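Here the structure is a predicted model, which means the values were calculated and not measured. In the text below, chain A, chain B and the rest are named by the order of the sequence lines, each starting its count at 1.
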Amino acid sequence: MAEIEFVKGNEAIAMGAIEAGCRFYFGYPITPQNDIPEYMSRHLPEVGGTFIQAESEIASINMMLGAGATGARAMTSSSSPGISLKQEGISYMCGSQIPGVIINMSRSGPGLGGISPSQGDYFQATRGGGHGDYRTIVLAPYSVQENYDLTMKAFDLADKYRNPVVVLGDALLGQMKEPLRRHKYRKKKGEKDWILTGAKGRSPRLLKSLYLSEGELTEHNWRLYRKYQRMKREIMYKVEFLEGAKLVVVAFGSVARILKSTVAMARDKGMKVGLFRPVTLYPFPYAALDKLSHKVRNFMAVELNTGQMVEDVKLAVGHKKNQVDFYGRPPGSIPSPDELLEEIKKVYNKRVKK
Amino acid sequence: MYFDCIIAGFGGQGVMVMGNILAYAAIREKKKVTYMPVYGVEMRGGTANCTVVVSDREIGSPIIQRPVCAIVMNLPSLEKFGPRVRKGGLLVVNASLVPEEEIRFRGLQTLSVPSRELALEVGNERLANMVVLGAAVQKSGVVHLRSLKKALYPALDRRYHKMIDMNMKAMDRGAQFVEKGR
Amino acid sequence: MKQIFKRPKALVDVPFHFCPGCHHGIIHRLVAECIDRYKLRGSTIGVASVGCSVFLYDYMDVDVLEAPHGRAAAVATGVKRACPSNFVFTYQGDGDLAAIGTAEIVHAANRGEHITVVFVNNTVFGMTGGQMAPTTMEGQETTTTPFGREPGTNGYPIKMAEVMAELTGTTFVARVAVDNPKNLMRAKKVLRRAFETQIKGKGFSFVEFLSACPTNWKMSPERATRRIGEEMVPYFPLGIFKEDNASGV
């Protein structure tokens, strides 16, 4: 049995990456994720890997584009303002179908904002974020163990779909420490027959996103679209306290973690409240929520923003006579389980106890 | 079982390491644990603090509004976190920096530890945080004192390992203070 | 009969899309000749940039990766670090390298990345239709400096080769032109030395080519080629600015 270690969330991400075979890290410092580059700079050389502190977030993502094009497993990490800068590169990687893992330990915005936890980057992460009609798979961990596990998974998904994968956490998930059980990574089989290695003994390969001939770009975008549709196989979500629930709270990441306590408190008080937590934010578990709405009528999205994921919840269940309520805490502070209980009570009393 | 506490003080008083040691002790006892250095505007208020949650079941929120226990190492921390302790909960106060008359919270168990005197007795006033931690653990029973002492090994950087004996003595002294009242 | 002139193997047998009198075709050919000469066809990974140079991949018979505008040096960094035994070069225009990509080129050079940079300076944004580039000459009229580039508001034409030579991290830096047979022969030799710098593991090499853009200069090909010697060379002097003497590169 693997030894249990007590690990900071950011470090768990770096550990998962190295275990999954990431050998190239490119980044630029920004709070609250600096433990990731610091860990990588110390530990990548031990496994023959390469760490570069780049001149900017823009350079980092493009170095990753270059390394990814050769088939190497590469990662970059940043926090919200830095992720905005990386969007150009992410768009090109999607267009050129180059895999890579992008960690966003997001902070509060807009602008420089602050360093407190926030979920203000939900739209940016799940709707592409940069220019062009593209998508990235988005994984949302809610514990140190999931930081580790989902980062490992992110590398497999990136290779499987030849697409960037975003791991969306925040300051809370990066700074908290929890016991971590490391496990051995099992490499997924599969030849990369598209990578650039020099055209020795074969015809040259080209990775690009520019398509100018008539109809060529439309066809390319349809291909990408079909790929995004196939990603639905990867949908993940977790549910708790659903037995007999009259109100289902939908939340992801750090606030879902806080709500785990809140929902338990609500159950103790006899309120029939359940918790639905999307783990993949893209693709979003629309079908699973829709199915749930045959049994439960009342939903409540809770987010650390003024309303982003709630739109996906409405897309999933906002039909028939279902009710979708919302509580959002704008970036800048974190609600406690007790505060969230008050918000849930208000909705519960209005919708269930009328 | 379920236990949560906020440990707060000035930066440099070693409150983060107190939280870490407590967390490692809980792991030794095969309990679930979360440790959260507190983030946000509090960082600018001159106090450092962390939240530790220990449970034998999976833990929900690592952030706690109303803890079962608070360990306050200075006056600003007492003022900030004292009122937040749950009714019937435990308030551990560093009596070397907090005047007795400031501690006036109803419905709480309070434990005032003259940490500096006791630490000097052991040999070094910098061991004050370990004295308080030993006392808090003895009083609350969240983990065994021996687990706390063994937790020093994984929690402290290797270069401080030669000080572990002193740290253990300081923890013992804190626990003894709880038992004997002096 | 002996064949004395043929297409380099590394150059694909398709017509160039470049305008008449443009020097990109010549510079492409020189790069292809070097790839042939050092037998790099099977180990080269080229990094194409954005601008007229983007179609590099249509002409070069090697693996090519398209970089976002200005980012070729960062992309090449990632490629070379992941594949240190491959030959990696970027091919970038002046808008790409000296405007939007200044940070990337300066820092790749400063890190001494083992890549070869082919930089084409034609004093104008070519593909977007003749706007001012950082290299646009004082007084030069472009679509965004209709009254001529005025240093008081637009700054001065930037001398990238000199900037590169100043950086401790660079190994080989030169500026060449292909406007007459003598300069062309010299350019060929200089480019070989840049290639050898990387092949021998000596570090970062940079060759700036002064190039004509008759279309956007609104000149005949002949007049445009003359302009290089008359106007550009006096401001952008030709020569080797830095080389690794100790190694005899």
Side-chain angles (χ1 to χ4, degrees), chain A residues 3-10 31-32 35 105 107-108 113-118 142-145 170-181 238 240-241 251 254-268 275 277 304 331-342, chain B residues 2-4 6-7 16-44 48-68 81 84-87 143 147 150-157:
Chain A
E3 198 191 337
I4 292 179
E5 295 165 85
F6 189 51
V7 172
K8 203 174 190 178
N10 281 333
T31 306
D35 313 282
M105 299 312 272
R107 53 188 261 180
S108 312
I115 55 174
S116 61
S118 152
Y142 95 143
S143 66
V144 171
Q145 186 69 48
D170 62 20
L172 186 138
L173 289 160
Q175 299 302 318
M176 74 187 282
K177 276 171 115 179
E178 284 189 281
L180 171 73
R181 194 183 294 275
K238 291 272 162 63
E240 281 182 82
F241 301 105
S254 57
V255 81
R257 184 63 188 267
I258 296 170
L259 281 162
K260 192 180 165 79
S261 292
T262 309
V263 172
M265 287 154 78
R267 283 278 173 171
D268 283 347
L275 181 62
R277 172 169 72 96
L304 298 182
S333 64
I334 327 170
S336 70
D338 307 62
E339 289 173 87
L340 291 177
L341 183 63
E342 290 311 307
Chain B
Y2 176 90
F3 174 88
D4 52 32
I6 293 176
I7 307 174
M16 297 303 183
V17 79
M18 289 165 79
N20 266 287
I21 293 168
L22 179 58
Y24 272 105
I27 292 173
R28 279 195 71 80
E29 297 188 356
K30 307 223 182 303
K31 296 191 169 86
K32 311 276 190 221
V33 60
T34 64
Y35 162 91
M36 184 73 208
V38 168
Y39 235 77
V41 283
E42 286 93 340
M43 283 182 75
R44 307 224 177 345
N49 69 79
C50 62
T51 303
V52 179
V53 183
V54 180
S55 175
D56 46 20
R57 286 192 305 174
E58 213 178 311
I59 294 168
S61 180
I63 290 169
I64 303 299
Q65 178 66 23
R66 308 221 45 198
V68 174
F81 298 109
R84 277 170 53 177
V85 178
R86 224 167 260 265
K87 211 170 177 189
V143 291
S147 305
K150 286 202 171 147
L152 284 163
Y153 290 95
L156 296 186
D157 195 283

Discussion item. Looking at B/Tyr153, I want to see if its OH is surrounded by more than 12 non-hydrogen atoms of other residues, nucleotides or ligands under 6.0 Å.
Written reply: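 12 or below, so no.
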What pair of heavy atoms forms the shortest contact from [X] to [Y], and how long is it?
X	Y	result
B/Arg66	A/Asp338	CG-OD2, 4.2 Å
B/Ser61	A/Ser261	N-OG, 2.6 Å
A/Leu172	B/Pro62	CD2-CG, 3.9 Å

Distance check, rounded to the nearest 0.5 Å: [X] atom [atom1] versus [Y] atom [atom2]?
X	Y	atom1	atom2	answer
B/Ile59	A/Lys260	CD1	NZ	10.0 Å
A/Leu173	B/Met36	CG	CE	8.5 Å
A/Lys177	B/Thr34	NZ	OG1	12.0 Å

Fill in: Worked verdict on A/Arg257 versus B/Ile63 for side chain to side chain contact (heavy atoms under 4.5 Å, CB included)
CA-CA 9 Å; A/Arg257 184 63 188 267; B/Ile63 290 169; over 6 Å; no
